[in-house]
Amino acid sequence: MKTFLNALIICLIMIPATLMAQSTVSGTVTDKANAMPLPGVNILVKGTSRGTSTDFDGKYTIEVNQGETIVISYVGYKSQEIVFNGQATVDVVLEEDAAQLDEVVLIGYGSTTKQDATGAVEKVGDEEFNRGAIVAPQQLIAGKAAGVRITSGGGAAGEGGEIRIRGGASLGSNFGATNDPLIVIDGLPIDQRGGAQGSRNALNAINPADIEDFVVLKDASATAIYGSRASNGVILITTKKGSANQPFKVEYGLQASTRSVTNTVDVLNAEQYMQVVTDNGGDTSSFGGANTNWQDEIFTTGIGAIHNITVSKGYERFNFRVNLNHVSQEGPLDDLYERNGINTSFVHRFLDNDLKLTLVAKGIQDEYAYANEGAIGAAISFDPTQPVFDENGNYTQYGTSANLAPANPVFLLDNNNYNNRQTIKRVISNFNVDYKFWFLRDLRLNVNAGIDYAENDGYVFSAANPNNSGGVPTNEVSSGLNRNTSLDFYLNYKKDVESIDTKLDITAGHAFQEFYIKSFVDRVSATTLTDTDINRNALESYFARASFDIADKYLISASYRRDGSSRFSEDNRWGSFPGVSVGWKMTNESFMDNSFFSNLKLRAGWGVTGQQEIGQNYGYLGIYTPSRNNAANIQFGTLPNGDPIFFQTLRPEGFDEELKWEETTQYNVALDFGLFNNRLTGTIDAYYRETEDLLSRVPVPAGANLTDLLITNVGEATSRGIELSLNGIISQTENFGWDTNFNLTFQDVEITKLSLSDDPNFTLPTGGISGGVGNNIQILRPGYDPTTFFVFRQVYDDNGNPIAGSYVDVNGDNQITEADRQAYKKATPDAFIGFTNNFRYKNLDLNFTFRGSFGNYVYNNVASDRGNTNAIVNQPGYQANGHASLLNTGFTNQELFSDLYIQRADFVRLDNISLGYTIPFSKMTLRTSLTATNVFVITEYDGLDPEIGNGIENNFYPRTRDIVLGLNFTF
């Protein structure tokens with residue numbers, strides 16, 4: 001009996017072990033479309049770490065237990081799950097998932113899919129954004145899109161960045177018309193000239209954490225629907241709005257950061273300074289006993305914090321999302337930027353989802369405490385032998401006998417910081433109505449009403465320069481109002497006409513937008529100024545677009561916009577902007593059935609766009625401006641008590657009644673491709689662009705107009721480029737993922753004509769510099785890039801040292817004159833790149849982005865201005881520090897126009913690196929991250945920074961390195 005019981009117990013123990021014994025399963029994975037085997041398919045046992053992948057013939061073998069689920073997944077295909085019930089062989093047929101190509105992409109006044117887009121359109125979504133304590137939204141996509149170059153303005157708190165799409169079609173904001181793209185936020189085009197007075201960045205009002213994606217429209221066929229403002233490209237920003245049938249969710253995010261300067265200007269230390277002064281007969285009695293690095297004294301480590309609290313919920317017909325955010329960011333000069341904002345979105349569907357109402361509203365308060373950035377220049381030139389404070393504890397100064405001497409840099413900060421403030425209260429709101437007609441299901445109406453309203457108040461209380469005996473403080477208060485209102489509507493008809501195997505998409509609409517700006521300033525300084533200024537301009541537009549998808553192979557799209565701008569006279573007020581593009585989806589042709597390509601599309605486009613953003617609303621009118629200085633008033637008569645009566649004078653302004661649009665014609669041809677079932681995708685895009693009637697502010701002959709500088713149409717320019725974008729999914733398994741993006745852009749810009757003169761060598765000076773009065777280092781000239789430098793060619797001795805005052809006699813007349821200056825190098829890069837990698841291992845993630853620029857040059861104005869002995873010992877009543885380049889050149893005088901100071905500024909920068917870890921709890925998910933920005937830069941440029949927007953380095957606020965700790969909770 002006992003033996004029987006023992007045997008029974010052993011059998012009972014063995015039963016579950018037998019049931020759980022692993023079996024070997026094998027099979028083949030093939031493509032449903034062509035029955036071809038698929039290599040590299042991921043085979044995983046769900047809920048375990050057991051997995052394998054198919055070999056070159058699509059075959060696999062895996063150990064699996066009874067009842068377990070086998071998961072088969074492959075990039076570009078729909079995943080499958082199969083429960084194991086003892087089969088010895090499990091063959092799988094995977095079906096291609098068109099979701100990637102069917103991804104919806106916004107275009108102007110509508111949307112399309114990736115596979116049906118015929119223009120140069122690029123989408124950058126939230127999962128691809130740069131990470132860290134990002135305040136300026138444009139930094140989210142730096143290095144992410146081909147043809148898009150973003151240059152930060154420096155390290156100041158709340159600083160924005162310059163956006164250039166395909167280099168820009170105009171001459172740039174320094175010269176007249178802006179090169180900034182049009183930015184549209186949830187359907188509302190914002191003011192290209194800044195949005196709110198006093199703001200360092202118009203986009204700062206948008207919380208970066210609230211952005212869903214950016215869509216960049218680059219070529220004219222894509223942007224022509226925006227007409228008069230689209231020559232420099234269009235960026236469509238969509239903010240997050242939640243989704244239907246979503247459970248209640250609460251999210252909290254914190255990014256705590258430190259910011260510090262990584263590089264400073266190379267100036268003489270105290271020992272070098274004393275040696276130069278001594279060797280050049282300077283006043284050695286003025287030496288102090290210190291060795292002060294004034295740049296170290298003014299730059300500190302700033303701290304910052306970004307808080308985001310978001311709640312969202314989605315019902316069947318209604319969803320909402322509310323975000324509260326607070327930003328505090330200190331700059332290295334102890335300047336401060338703070339933002340408090342609320343971002344809301346509400347979506348409600350009525351009438352069986354035929355009517356959708358969307359309300360997006362953002363309320364923002366921006367506060368800036370500006371530093372006196374003059375402290376940067378003062379720190380470069382102040383005597384390094386002097387201490388910050390004298391023996392009495394007072395700020396060390398040169399004294400009132402040195403009227404032109406710089407003030408103590410620390411004094412400038414301590415007595416001006418937080419006495420220069422600006423507060424901006426802003427509301428951006430958009431209400432959208434989307435209605436599908438009951439009597440014609442393929443027709444819908446879209447109405448979009450938006451407002452961007454900002455009020456600003458500020459004050460400046462600036463101490464007088466203590467070295468100037470006649471110096472007076474500045475007391476100023478200012479206020480302003482910016483109002484941007486927009487209303488547009490369009491009808492859209494989409495129909496799949498089976499009889500002709502064609503999909504139609506037709507849109508027609510109307511838009512109106514008005515900008516109103518009012519500003520007031522009351523300043524008491526050396527002179528008294530009280531001024532109120534009111535400006536307004538408006539745009540009215542009619543637009544239409546028709547798109548045809550024939551047999552899912554041939555794409556045709558045509559658009560037309562008619563714009564009227566109040567900035568031009570009635571004779572030149574209206575402009576027409578057509579665009580046409582075509583596409584051929586070659587992979588849908590029968591001869592491509594067994595093709596190497598998983599996607600192949602050829603597309604081409606042509607279009608005409610305009611430019612009217614000149615910042616001057618009445619440039620075609622003869623207007624009069626009241627005097628803004630009480631000293632200009634004229635006495636006329638007296639009051640009964642004998643007091644004089646003063647009348648405000650009027651000043652006539654210059655004008656050009658023939659002022660008209662810039663007009664840009666652009667041609668585009670591109671190839672979109674996908675390989676290895678779209679694990680590798682990319683685009684090769686080439687463009688050619690011609691701009692006529694360039695708008696610029698140019699000098700005019702004395703007496704020719706009522707001003708010395710006039711905004712007028714000055715000429716023509718061409719630009720061309722090639723863009724390459726590659727996206728690769730190198731690995732995608734349950735535990736490990738690796739994807740990468742690389743983009744490369746080649747570009748070239750050339751002025752072809754300046755219509756102010758028939759002289760082919762006619763030159764307009766630009767690019768103002770320090771050193772002397774009215775000096776310029778760049779030129780506009782036919783045959784050259786708009787950022788070309790204009791210099792003398794330096795002569796060197798046998799040892800390679802520059803010879804002071806010796807330049808190449810270009811024209812051979814045995815004298816050095818202005819005629820010997822030459823166009824030489826340029827600030828615009830020949831090429832730039834972005835390179836991003838994203839890694840994921842289980843719950844750990846790592847991503848980094850490199851950016852690079854090649855073929856660009858920078859003029860080191862700090863060295864040319866301060867790198868000579870006269871800048872040190874021959875100042876009126878004082879001695880100042882100089883640039884350390886003096887030790888190499890030995891220059892006595894300024895050599896401002898020597899090509900010695902034009903330096904190659906190629907660079908590769910590790911822009912962003914982030915390491916994160918996600919911890920899933922039962923009712924909460926926590927993600928921790930550590931991010932660093934501006935980690936290092938590789939360059940031969942020996943100045944402060946090789947990345948200077950206009951190519952002229954002069955008292956540039958240094959960029960910072962930010963270290964960011966992030967915590968994100970989701971409940």
Side-chain angles (χ1 to χ4, degrees), residues 125-127 129-137 139-140 157-158 185-186 201 203-213 237-259 302-315 318-330 336-348 358-368 423-430 845 914 916-931 962-971:
D126 175 55
E127 67 282 356
F129 291 164
N130 290 318
R131 305 300 174 186
I134 291 177
V135 172
Q139 295 301 325
L140 293 172
I185 302 173
D186 290 324
N201 177 23
L203 287 182
N204 277 358
I206 309 301
N207 178 17
D210 204 43
I211 294 177
E212 181 75 29
D213 57 55
I237 296 177
T238 302
T239 58
K240 296 176 181 177
K241 298 176 179 63
S243 56
N245 299 311
Q246 172 192 303
F248 183 75
K249 184 166 66 173
V250 178
E251 300 168 87
Y252 170 70
L254 166 66
Q255 285 83 43
S257 62
T258 64
R259 313 184 76 216
I303 60 174
I306 299 177
H307 301 269
N308 276 286
I309 301 176
T310 305
V311 295
S312 58
K313 176 76 169 82
Y315 302 91
F318 174 71
N319 55 271
F320 72 89
R321 184 178 186 276
V322 177
N323 166 268
L324 299 172
N325 70 92
H326 170 74
V327 173
S328 177
Q329 185 183 67
E330 293 180 351
L336 177 68
Y337 169 70
E338 290 188 296
R339 178 180 67 221
N340 292 286
I342 178 170
N343 307 283
T344 63
S345 66
F346 305 92
V347 180
H348 205 303
T358 303
L359 174 64
V360 178
K362 308 176 190 302
I364 310 101
Q365 178 168 298
D366 286 336
E367 293 193 54
Y368 293 89
T423 300
I424 302 168
K425 298 176 181 179
R426 190 171 179 184
V427 173
I428 302 175
S429 184
N430 211 61
D845 59 86
S914 181
Y917 188 77
T918 302
I919 307 172
F921 296 99
S922 59
K923 295 184 179 180
M924 179 191 74
T925 298
L926 168 64
R927 183 178 185 274
T928 62
S929 62
L930 182 65
T931 303
D962 294 9
I963 306 297
V964 186
L965 174 64
L967 297 173
N968 293 84
F969 301 86
T970 302
F971 301 90

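Positions are given from 1, in the same order as the sequence printed here. Values below: every heavy atom of this structure, side chains too, minus hydrogens, waters and symmetry copies.
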Atom [atom1] of [X] and atom [atom2] of [Y]: how far apart are they, to the nearest 0.5 Å?
| X | Y | atom1 | atom2 | answer |
| --- | --- | --- | --- | --- |
| Thr925 | Asn968 | OG1 | CG | 11.0 Å |
| Asp186 | Leu359 | CG | CG | 10.5 Å |
| Ile206 | Ile364 | CD1 | CD1 | 6.0 Å |
| Leu254 | Thr928 | CG | OG1 | 12.0 Å |
| Asn340 | Glu367 | CG | CD | 7.5 Å |
| Leu965 | Ser929 | CG | OG | 7.0 Å |

Stepwise side chain to side chain contact (heavy atoms under 4.5 Å, CB included) test for Ile211 and Phe129 = CA-CA 10 Å; Ile211 294 177; Phe129 291 164; 4.0 Å; yes
Contact check, side chains of [X] and [Y], non-hydrogen atoms, under 4.5 Å:
| X | Y | value |
| --- | --- | --- |
| Thr239 | Glu212 | no |
| Asn323 | Lys240 | no |
| Thr358 | Ser345 | no |
| Asn308 | Asn207 | yes |
| Ile428 | Arg426 | yes |
| Ile185 | Asn430 | no |
| Met924 | Ile919 | no |

task = Taking only Lys NZ, Arg NE, NH1 and NH2, and the carboxylate oxygens of Asp or Glu, determine whether Asp962 and Arg259 approach each other closer than 4.0 Å.
result =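 A salt bridge is present here (some side-chain N lies under 4.0 Å from a carboxylate O).
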task = Considering non-hydrogen atoms only, spot the tightest contact between Asn130 and Gln139 and give its length.
result = ND2-O, 2.9 Å
key: Nearest atoms (heavy-atom pairs only) where Pro920 meets Thr918   =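 Between these two residues, the closest heavy atoms are CD-O, 3.6 Å.
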Looking at [X] and [Y], would you say the former's side chain and the latter's main chain have a donor-acceptor pair under 3.5 Å?
| X | Y | answer |
| --- | --- | --- |
| Asn319 | Lys241 | yes |
| Thr344 | Ala361 | yes |
| Ser429 | Val360 | yes |
| Lys249 | Thr310 | no |
| Gln329 | Gly304 | no |
| Gln365 | Lys425 | no |
| Arg339 | Asn204 | yes |

ask   = Under 3.5 Å, is there a donor-acceptor pair linking the side chains of Asn325 and Asp210?
value = no
query = Just wondering, more than 12 heavy atoms not from Tyr315 lying within 6.0 Å of its OH?
reply =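 Not buried by this count: 12 neighbours or fewer within 6.0 Å.
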request  = Count the heavy atoms of every other residue, nucleotide or ligand shown that sit under 6.0 Å from CD1 of Ile342, and state whether that count exceeds 12.
outcome  =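 Counting neighbours around CD1 of Ile342, more than 12 heavy atoms of other residues, nucleotides or ligands fall under 6.0 Å, so yes.
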Phe346 and Phe318 aromatic ring geometry - parallel, tilted or perpendicular at 30°/60° bounds = parallel
query = Any idea how Phe969 and Tyr252 line up, ring-wise: parallel (<30°), tilted (30 to 60°), or perpendicular (>60°)?
reply = parallel
inquiry  = Would Lys923 and Phe921 count as a cation-pi pair here, with the cationic atom under 6.0 angstrom from the ring centre and within 45° of the axis?
reply    = no
